[in-house]
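Heavy atoms only: backbone and side chains are in, while hydrogens, waters and symmetry mates are out. Within every chain, numbering begins at 1; the chains are lettered A, B, ... in the order of the sequence lines, protein sequences first and strands thereafter.
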Number of protein chains: 2
Amino acid sequence: MPREIDRRAARTRKALHEALLALMLRKGYEALSVQDIIDEADVGRSTFYAHYTGKEDLLRSGFQMLREELKEAQSATRAGAEASHDDPLGFSTAMFEHAARYADHYRTMIGGRGGAVTESEIRLILSEMVRQELPPTLHGEAIPRDFVVQFIVGAFLTALNWWFERKPKLSPSQVDAMFRRLTLEGLSHLIGGEHRQVGRPTASRDTD
Amino acid sequence: MPREIDRRAARTRKALHEALLALMLRKGYEALSVQDIIDEADVGRSTFYAHYTGKEDLLRSGFQMLREELKEAQSATRAGAEASHDDPLGFSTAMFEHAARYADHYRTMIGGRGGAVTESEIRLILSEMVRQELPPTLHGEAIPRDFVVQFIVGAFLTALNWWFERKPKLSPSQVDAMFRRLTLEGLSHLIGGEHRQVGRPTASRDTD
DNA sequence: AAAATCCCGAACAAGCTGTCCATTACCCTA
DNA sequence: TAGGGTAATGGACAGCTTGTTCGGGATTTT
């Protein structure tokens with residue numbers, strides 16, 4: 001029986017992916033050359049091109065792996081299946097916490113430093129997540145489902161980015177609370193003429 | 001009196017900016033080389049570097065000009081100054097209409113094709129706009145002003161992008177209505193427990 | 001018209017990109 | 001464990017890009 005894949009090839013691919021990630025952390029994606037990557041991975045030039053067509057191909061393949069892993073992990077956890085549709089933002093809490101733990105990675109992925117590809121790949125992954133948590137029917141059909149999905153994903157990324165760039169000291173749950181409040185209730189509650197009292201333990205002052 | 005700037009220099013800069021814009025429309029920003037730009041502009045290589053340090057510098061300088069123009073146009077229109085704070089999304093309607101008229105330009109700027117620089121420059125411009133329209137005090141201080149600004153800008157860009165990519169047939173006012181509804185009222189209105197039946201005359205299915 | 005400024009074109013070193021090849025090292029399986 | 005198959009290597013290649021430098025020529029400004 002032929003093994004899934006040749007061990008050498010697997011090693012090479014792994015080395016390249018790790019090199020890419022490491023380099024992105026310290027130089028950002030755009031600034032990288034194929035040269036940098038193969039140096040870091042200690043892999044021959046021709047070997048690289050035997051596996052990938054360029055650095056973008058390498059990056060994409062990394063995300064594809066990630067997506068497949070997530071898909072599996074998800075169908076595995078599908079045991080406790082419900083509670084989803086109550087809360088269309090169910091993903092966010094875990095996500096913010098995860099981001100806090102791997103702040104370095106998220107920073108490079110989310111900020112401009114990951115490049116356009118990273119950005120859109122992440123949007124894809126999040127979109128899939130959100131689409132599943134979103135109830136199948138929306139009131140009145142006035143707003144297309146897909147629009148809502150994009151709206152949520154965009155808002156989440158905005159929150160994440162703002163957190164890292166401006167208030168990295170906040171706790172995940174604080175950011176999460178703000179994100180949910182704004183996304184669920186909208187702006188109207190913040191600016192109406194009514195002075196509704198909110199007993200919120202305001203975390204920290206705004207510095208603009 | 002020394003003229004503001006040498007006529008030749010001005011011509012050169014103009015030619016370069018126009019070349020950049022034209023090329024971005026057909027190839028996207030990332031794919032461009034300085035070579036392409038000076039060919040299109042019919043300008044000598046050394047001349048280019050006498051004015052800008054690279055293509056990014058050229059792009060940035062273009063946005064800076066734009067920002068200054070907008071700033072002037074704004075302080076000029078500041079005659080009818082109020083009505084702002086009633087509607088924190090006042091900018092959107094005009095913006096969507098403008099985008100419809102110059103769809104090609106917006107497409108290249110907003111989608112990935114404009115590159116990270118364009119993206120962040122646009123966010124900057126919009127942020128300034130939104131910040132001014134946003135009432136100075138927000139209820140309860142629970143959510144920092146800047147967070148709200150970013151939220152709005154992100155939602156607007158999301159709407160714009162979705163419009164171009166998925167439903168370009170919609171009119172500006174339709175998109176505007178959806179954008180405002182979602183941003184002002186949030187999701188909560190869309191997902192209540194009530195099961196309202198809708199005889200959906202859905203135009204086209206969500207295709208992912 | 002003279003002086004100041006700008007543009008041009010060409011040439012340069014340095015770097016990156018993909019692609020080839022012959023050779024070597026490794027892996028898989030029988 | 002031996003041998004055929006497969007992958008990795010290093011080097012060399014043409015073609016492209018980037019910035020920089022120069023002197024001569026053209027245009028503007030004063």
With respect to the phosphate group of [N], does any side-chain polar atom (N or O) of [X] fall under 4.0 Å of OP1 or OP2?
| X | N | value |
| --- | --- | --- |
| B:Thr12 | C:dC7 | yes |
| A:Tyr49 | C:dT19 | no |
| A:His51 | D:dA7 | no |
| A:Arg7 | C:dC26 | no |

- Item | Option passing side-chain contact (heavy atoms from CB on, under 4.5 Å) with B:Phe96 (candidates B:Phe156, B:Tyr106, B:Phe91) | B:Phe156

Whole angstrom value for the distance that separates [atom2] of [N] from [atom1] of [X]:
| X | N | atom1 | atom2 | value |
| --- | --- | --- | --- | --- |
| B:Gln35 | D:dT18 | CD | C1' | 9 Å |
| A:Arg11 | C:dC26 | CZ | P | 9 Å |
| A:Ile38 | D:dA8 | CD1 | P | 13 Å |

- Query: Got a sec? Which of residues 22-30 of chain B come in under 4.0 Å of DNA chain C, heavy atoms?
  - Reply: none

- Answer yes if the ring centres of A:Phe179 and B:Phe151 are under 6.0 angstrom apart, and no otherwise. no

Ignoring hydrogens and angles, are the base of [N] and the side chain of [X] linked by a donor-acceptor pair under 3.5 Å?
| X | N | answer |
| --- | --- | --- |
| A:Arg45 | C:dG18 | yes |
| A:Ser46 | D:dG10 | yes |
| B:Arg8 | C:dT5 | yes |

- Applying side chain to side chain donor-acceptor pair (under 3.5 Å) to B:Arg11 and not counting sequence neighbours gives none

